[in-house]
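Every chain is numbered from 1, with letters handed out A, B, ... down the list of sequences.
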Amino acid sequence: MKLYNTLTKQIDEIEPLNPPQITIYTCGPTVYDYAHIGHWFNYVRMDTLIRTLKANDFNTKWVMNITDVGHLTSDADEGEDKLEKGAKREGKTAWEIADFYTKDFLDGMKQLNMLEPNHIVKATDHIPEQVELIKRLEEKGFTYIISDGVYYETSKFEGYAAFAQLDLDGQEAGARLAINPQKHSPTDFALWKFSPQDSQRDMEWDSPWGKGFPGWHIECSAMSMKYLGETLDIHTGGIDHIPVHHTNEIAQSEAATGKRFANHWMHSNHIMVNGRKISKSLDNSIRLKEVTDRGISPMAVRLHVLESHYRSQSMFNWENLEASQNTLKNFYAWADLQFQSLSSQKLTTNYDEALIAFKEAMSDDLKTPVALTIFSDMTNRIEDLGADSVAISKTVPIIEGLLGIGLSDRPDITGAQKSIIAERETSRADKDWVKSDKLRDQLAKEGIGLRDTAQGPIWFRL
RNA sequence: GGCGCCUUGGCGGAGUAGUUACGCAGCGGUCUGCAAAACCGCGUACACGGGUGCAAAUCCCGUAGGUGCCUCCA
């Protein structure tokens, strides 16, 4: 299996340290607000990576974190903690905010049929591990203390700028310079922030350096190492994390251990809404709830994600989400054929060959649009050319395993419903159109649609 | 200001030198008792200007426009 690697800037073969086991760490959400459609694109893509690894017989060990403390409103380690800010906004404690939006996020994962990570880990549950890691960095001389916290000295880490191909000199005009003159370098980042003197934080802990809370970056390193070891196989996240968060993770992890932190880095590009990026300031974020309120299935969202490549900056709009919903219905109608024996059993496509091509496309840097085209070909012209219900029933779980669009959650119709279809055929043979239409309406009420074809009646769930 | 990326038909989106991608929408038609979310066909797309090639949407240079990061953000 091949995947683009941000570290090497090329498509690399995936070669885990201890095959068939493969370790994956995904940067999860900061739970201070609802997740929006852009977040979901990201996480569905990560889920697709896991599914494809499994299909390639890897034994996946997947960890996703929940950032519930320490993520400030500015990456320059200034501004408010997002959780504390959310708490103020809603008149709750930071703990309540974290709990509420964590639950909402996990619910969204279920709605989108995402696989469950082996571990979902919270930053606040791993304060001691983070403190320990900061201590290791301190012992090795990578830290310094200023009035508001313990900082990492990026200039001591050789190759700090390499991962993101940062031009540090060119950046000095940017906002990171002006803030906090105590920092030795604009790129230095907080490992531990001290609690303010004048106010009481909801979330704070004791540490060797004083009461406070961990910086955002250290949690991912500490938790990744705890659950997956000091070197992991694949680290994933949004493309925006390359210049700061992931650059810092590499710096602090490799400085502490002297080992490569992650061998493979996968980054999901951002999606655009109406040609613009999603941002708080543009107020153009879309929640999963808005999708379902419009009567669109979360599975259509999932299919829509797969219709573009994860490294391209794709467009989201409602028209095309509805297009995905229509396509999904066609796929479902095909899946329903696994229970129906048509008079002809000729296949439109050689499923064995198509499945190989399908899996190859998925395994080639997750070329989901190509894979979908192959799958789509398998579902076409069934009525004219016939369909082999046995072949379809064997194919459904394989496709579903990789795409996760709900193809498998479709049971056969009941015996009573089958009787109605048979009865309607009798009526039709007798040209009793009133009765046959009535029976068709009855089935429609039960969510079953019918198509009369040369192969006989075909049912599908509406 | 620094560092990138992109520009394909109504919308989205593959392809990356020689083959009508595909999906949805639209139009026309077929099948059907009617119906269909079924089938067939159509619109003959690749920002613009140069260059290299037998051949370029696909490679190179330039221009225009858009857009991302550096600053909240997946």
Check side-chain hydrogen bond (donor to acceptor under 3.5 Å, both in side chains) between Lys289(A) and all other residues, then give those that pass, not counting sequence neighbours.
Asp293(A)
Return the orientation label for the Phe105(A) and Trp40(A) ring planes: parallel under 30°, perpendicular over 60°, tilted otherwise.
parallel
What's the gap between rA47(B) and rA56(B) when it is taken at their C1' atoms, as a whole Å value?
15 Å
Sugar-phosphate or base contact per nucleotide [nucleotides 30-35 of chain B; S, B, -; heavy atom under 4.0 Å]
---BBB
Same-atom distance (C1') from rG23(B) to rA17(B), integer angstrom
26 Å
Could you tell me the separation between the CH2 atom of Trp265(A) and the P atom of rA74(B), rounded to a whole number of Å?
16 Å
Those residues at least two apart in sequence (or on a different chain) that pass side-chain hydrogen bond (donor to acceptor under 3.5 Å, both in side chains) with Thr327(A) are none
Cut-off 3.5 Å, side chains only: do Ser185(A) and Ser155(A) have a donor facing an acceptor?
no
Using the P atom as the point on both nucleotides, what is the distance between rU8(B) and rG12(B), in whole Å?
9 Å
Test: salt bridge (charged side-chain N to carboxylate O under 4.0 Å, His left out). Region: residues 355-365 of chain A. Which pairs qualify, not counting sequence neighbours?
Arg311(A)-Asp365(A), Asp364(A)-Lys367(A)
Taking atom C1' in both rA57(B) and rC48(B), compute the distance separating them and give it to the nearest angstrom.
14 Å
List the residues meeting side-chain contact (heavy atoms from CB on, under 4.5 Å) with Lys9(A), not counting sequence neighbours, and say none if there are none.
Tyr4(A), Gln165(A)
Using side-chain hydrogen bond (donor to acceptor under 3.5 Å, both in side chains) as the criterion, list what pairs up with Glu322(A), not counting sequence neighbours.
none
Among rG12(B), rA14(B), rG68(B), the one nearest Ser308(A) by side-chain distance
rA14(B)
Is the phosphate of rG15(B), meaning OP1 or OP2, less than 4.0 Å from a side-chain N or O of Thr373(A)?
no
5' priority, RNA chain B, between Glu307(A) and Tyr43(A) [closest heavy atom]
Glu307(A)
RNA chain B nearest-nucleotide lookup for His241(A) and Pro369(A): closer to the 5′ end is Pro369(A)
Length of the CG-P vector between Leu337(A) and rA37(B), whole Å
16 Å
Atom-pair distance (CG on Leu306(A); P on rA14(B)), nearest Å:
12 Å
Name the nucleic acid region contacted by Gln313(A), choosing base, sugar-phosphate or nothing; use a 4.0 angstrom heavy-atom cut-off, strictly under.
sugar-phosphate
Could you state the CG-P distance from Asn326(A) to rA38(B), rounded to the nearest angstrom?
9 Å
Look at all strands and tell whether Phe41(A) reaches a base, only sugar-phosphate, or nothing, counting heavy atoms closer than 4.0 Å.
nothing
Exactly one of Tyr151(A), Phe189(A), Tyr152(A), Trp192(A) clears ring-ring contact (aromatic ring centres under 6.0 Å, His included) with His217(A), and that residue is Phe189(A)
If a pair satisfies salt bridge (charged side-chain N to carboxylate O under 4.0 Å, His left out) and one of its residues is in residues 330-341 of chain A, list it, with sequence neighbours excluded.
Asp336(A)-Arg410(A)
Taking any heavy-atom pair under 4.0 Å as a contact, classify Ser314(A): base, sugar-phosphate, or nothing.
sugar-phosphate
Span that lies between the C1' atom of rG9(B) and that of rC42(B), in whole angstrom
13 Å
In whole Å, what is the span from the CG atom of Asp104(A) to the P atom of rA74(B)?
15 Å
Using the criterion of both pairing distances under 3.5 Å for Watson-Crick and G-U wobble pairs, give all stems of 3 or more consecutive pairs involving RNA chain B.
B:1-7 with B:64-70, B:10-12 with B:22-24, B:26-30 with B:38-42, B:47-51 with B:59-63
Just the rounded figure in Å: distance from C1' of rA14(B) to CZ of Phe375(A).
18 Å
Under 4.0 Å, counting only non-hydrogen atoms across every strand here, what does Leu372(A) touch: a base, just sugar-phosphate, or nothing?
nothing
What distance, rounded to whole Å, do you find between the two C1' atoms, one in rC24(B) and one in rG65(B)?
27 Å
Run the side-chain contact (heavy atoms from CB on, under 4.5 Å) test against Thr426(A) and tell me which residues pass, sequence neighbours left out.
Asp430(A)
Pairwise C1' distance, rC11(B) and rC5(B) [rounded to whole Å]
22 Å
With syn meaning chi within 90° of zero and anything else anti, the base of rG13(B) is anti
For nucleotides 6-10 of chain B, which of its nitrogen or oxygen atoms have a protein nitrogen or oxygen under 3.5 Å away, and what is each distance?
residue : atom : partner   : partner atom : Å
rG10(B) : N2   : Glu319(A) : OE2          : 3.4

Nearest-Å distance once atom C1' is located in both rG66(B) and rG29(B):
40 Å
Atom CZ of Phe331(A) to atom P of rA37(B): distance rounded to whole Å?
17 Å
I need the OH-C1' distance between Tyr4(A) and rC5(B), as an integer number of Å.
12 Å
Taking side-chain contact (heavy atoms from CB on, under 4.5 Å) as the test, write out the residues that go with His270(A), two or more places apart.
Ile239(A), Asp240(A)
When you measure from the centre of the six-membered ring of Tyr34(A), is the NZ or CZ of Arg287(A) closer than 6.0 Å and no more than 45° off the axis?
yes
For Arg294(A), give me all partners under side-chain contact (heavy atoms from CB on, under 4.5 Å), at least two apart in sequence or on another chain.
Ile296(A), Trp318(A)
Hydrogens and angles aside, do Gln10(A) and Asn5(A) bring a side-chain donor and acceptor to less than 3.5 Å of each other?
no
